[in-house]
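Presented below is the structure to which this report refers.
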Amino acid sequence: MNPLSLRPQEECGFDIVSLGEIMLRLDPGEGRIKTARSFTAWEGGGEYNVARGLSRCFGLRAGVVTALVDNEVGHLIENFILAGGVAPMIHWVADDGIGRSVRNGLNFTERGFGVRGAVGVSDRGHTAVSQLQADDVDWDDLFGRRGVRWLHTGGIFAALSERSAEVAEAAMEAAKSHGTIISYDLNYRPSLWKSIGGQERAREVNRRLARYVDVMIGNEEDFTASLGFEVEGVDANLSKLDTAAFEAMIVKATGEFDNFKAVATTLRQVVTATVNDWAAIAWTRETGFVRSLRRDGLEILDRVGGGDSFASGFIYGLMQLNDPQAAVEYGAAHGALAMTTPGDTSMASKAEVERLVAGGGARVQR
């Protein structure tokens, strides 16, 4: 049973629209940032990655609302967005020539291997999207005249600046008024909140925005840091794939936020940078808890974006399959596949996801 009441597909121009920052990811491949002499360029951003997965893997009509500086780097990112099958709704900002007042974000990411963990170095201060204002976008036109079935945003975008939360709230208010389902990934990043009020501010902002949310996504740290719900009993001696503590936390969260219709979280136990135990759980008011297949010893090439790909698979399952159990399985399988390829974004196909959900292995495809 689908816990959500979705707008009819035929009356909407988009199945999903994401709101967030898109950075240029610079990847040193098998090397390290500090010793690299060349980088591979990708695009990436927590909210955008979800829309791109729903477009490229699952074939849905996706768009993204963002802002970029009108220069060559901005248009490179635009090119990546278009190649990802996502309709760009970009607020272009004039280039000041040297990036003193406004710029496009960069994210240097090394994957890690074995005992060496992944490392990310963001260079995203004063970016165009962090300066976006609520009235820079005609939200009623987007959600009303053009029509959107699902809006996805999250705690990364909300933390970019003191005004970003106002932009998110304006988008969520308009989406709610037009019957659009809203999902939100808490995605707590201490480095983003540090200069604008820290964890106290993160909780204030996320608790305010959570009142608009239909589908809440986040891991145990996200719920604790962003919403103030403690996950009792999770320590170094307890596997993060033991779900009882998380389920108790979700019961508390959904009791306070009775607008949540579904909650989902990935469960990851890091053995090494390249071997993780991986699973997911979800909750809806109609079905209670559902759990994905547990994948112990999952081999990882690049873990960045695995949670975003889980979110896109989970959303697809709720939106198109009307089945929370299928949703958590599609999400966990898509996240697992996304972590087998480099870059933030998924390179998986829907057929590959379905084969993994059905229990298929890594056989040679001819």
Side-chain angles (χ1 to χ4, degrees), residues 12-27 39-95 99 102-109 122-124 127-132 136-139 141-143 146-154 156-157 160 164 167-168 171 183 185 187 302 304-305 307-309 311-313 315-316 334 338 341-350:
C12 294
F14 293 99
D15 295 306
I16 184 164
V17 165
S18 285
L19 167 65
E21 180 168 47
I22 308 170
M23 295 186 292
L24 190 66
R25 170 175 164 168
L26 299 172
D27 185 345
F39 294 88
T40 300
W42 313 89
E43 88 279 29
E47 296 84 10
Y48 161 79
N49 294 342
V50 176
R52 189 190 184 283
L54 281 161
S55 169
R56 270 292 172 255
C57 181
F58 295 107
L60 299 188
R61 302 164 300 164
V64 63
V65 175
T66 193
L68 294 168
V69 176
D70 190 1
N71 61 20
E72 296 305 296
V73 176
H75 288 288
L76 172 59
I77 296 171
E78 179 191 29
N79 191 282
F80 276 123
I81 298 168
L82 290 166
V86 178
M89 289 168 271
I90 300 170
H91 177 72
W92 290 104
V93 179
D95 187 9
V102 65
R103 53 197 294 274
N104 296 306
L106 305 177
N107 186 23
F108 297 83
T109 305
S122 294
D123 184 14
R124 68 196 306 178
T127 56
V129 75
S130 73
Q131 299 178 46
L132 191 69
D136 286 332
V137 180
D138 188 340
W139 302 111
D141 178 70
L142 175 59
F143 293 107
R146 301 176 74 180
V148 180
R149 303 181 77 204
W150 196 295
L151 168 68
H152 180 76
T153 190
I156 292 178
F157 175 73
L160 293 180
S164 295
V167 177
S183 61
D185 192 334
N187 254 335
D302 186 343
V304 178
D308 302 330
S309 291
S312 60
I315 290 169
Y316 173 79
H334 189 221
T341 53
D344 283 33
T345 58
S346 167
M347 298 182 189
S349 69
K350 183 180 172 184

Using side-chain heavy atoms (C-beta onward) and a distance below 4.5 Å, is F157 in contact with S18? no

What are the two closest non-hydrogen atoms of S309 and S346, and how far apart are they? OG-CB, 3.7 Å

By the definition side chain to side chain donor-acceptor pair (under 3.5 Å), identify the one residue from D123, T127, N71, D95 that meets it with N104. N71

Worked check of side chain to side chain contact (heavy atoms under 4.5 Å, CB included) between T109 and D27: CA-CA 5 Å; T109 305; D27 185 345; 5.8 Å; no

Does a side-chain heavy-atom distance below 4.5 Å link W92 with L68? yes

Assess the residue pair F58 and H334 against the criterion (ring-ring contact (aromatic ring centres under 6.0 Å, His included)); give the C-alpha distance rounded to whole Å, side-chain angles, the decisive distance to 0.1 Å, and a yes or no. CA-CA 10 Å; F58 295 107; H334 189 221; 5.1 Å; yes

Taking all heavy atoms of R25 and all of G343, pick out the closest pair and write down the distance. NH1-C, 3.4 Å

Mind running side chain to side chain contact (heavy atoms under 4.5 Å, CB included) on T345 and Y48 for me, showing each step along the way? CA-CA 9 Å; T345 58; Y48 161 79; 4.1 Å; yes

Is any side-chain N of the basic residue among R52 and D308 closer than 4.0 Å to the acidic one's carboxylate O? no

Using a 4.5 Å cut-off on heavy atoms from C-beta on, say whether the side chain of V50 contacts that of I315. yes

Test of understanding: with side-chain hydrogen bond (donor to acceptor under 3.5 Å, both in side chains), list the residues that count as partners of E78, not counting sequence neighbours. H75

Hey, are the side chains of D141 and R146 touching, using non-hydrogen atoms and a 4.5 Å cut-off? yes

Could you go through the side-chain hydrogen bond (donor to acceptor under 3.5 Å, both in side chains) check for H152 and S183 one step at a time? CA-CA 5 Å; H152 180 76; S183 61; 2.7 Å; yes

Can you confirm whether V73 sits close enough to R103 that some side-chain heavy atom of one is under 4.5 Å from a side-chain heavy atom of the other? no

When you measure from the side chain of T153 to the backbone N and O of A168, does any donor-acceptor pair fall under 3.5 Å? no

Is V129 close to L160 at the side-chain level, that is, under 4.5 Å between some pair of heavy atoms? yes

P88 versus T66: any side-chain heavy-atom pair under 4.5 Å? no

Within a strict 4.5 Å, meaning less than it, do heavy atoms of the C12 and V148 side chains meet? no

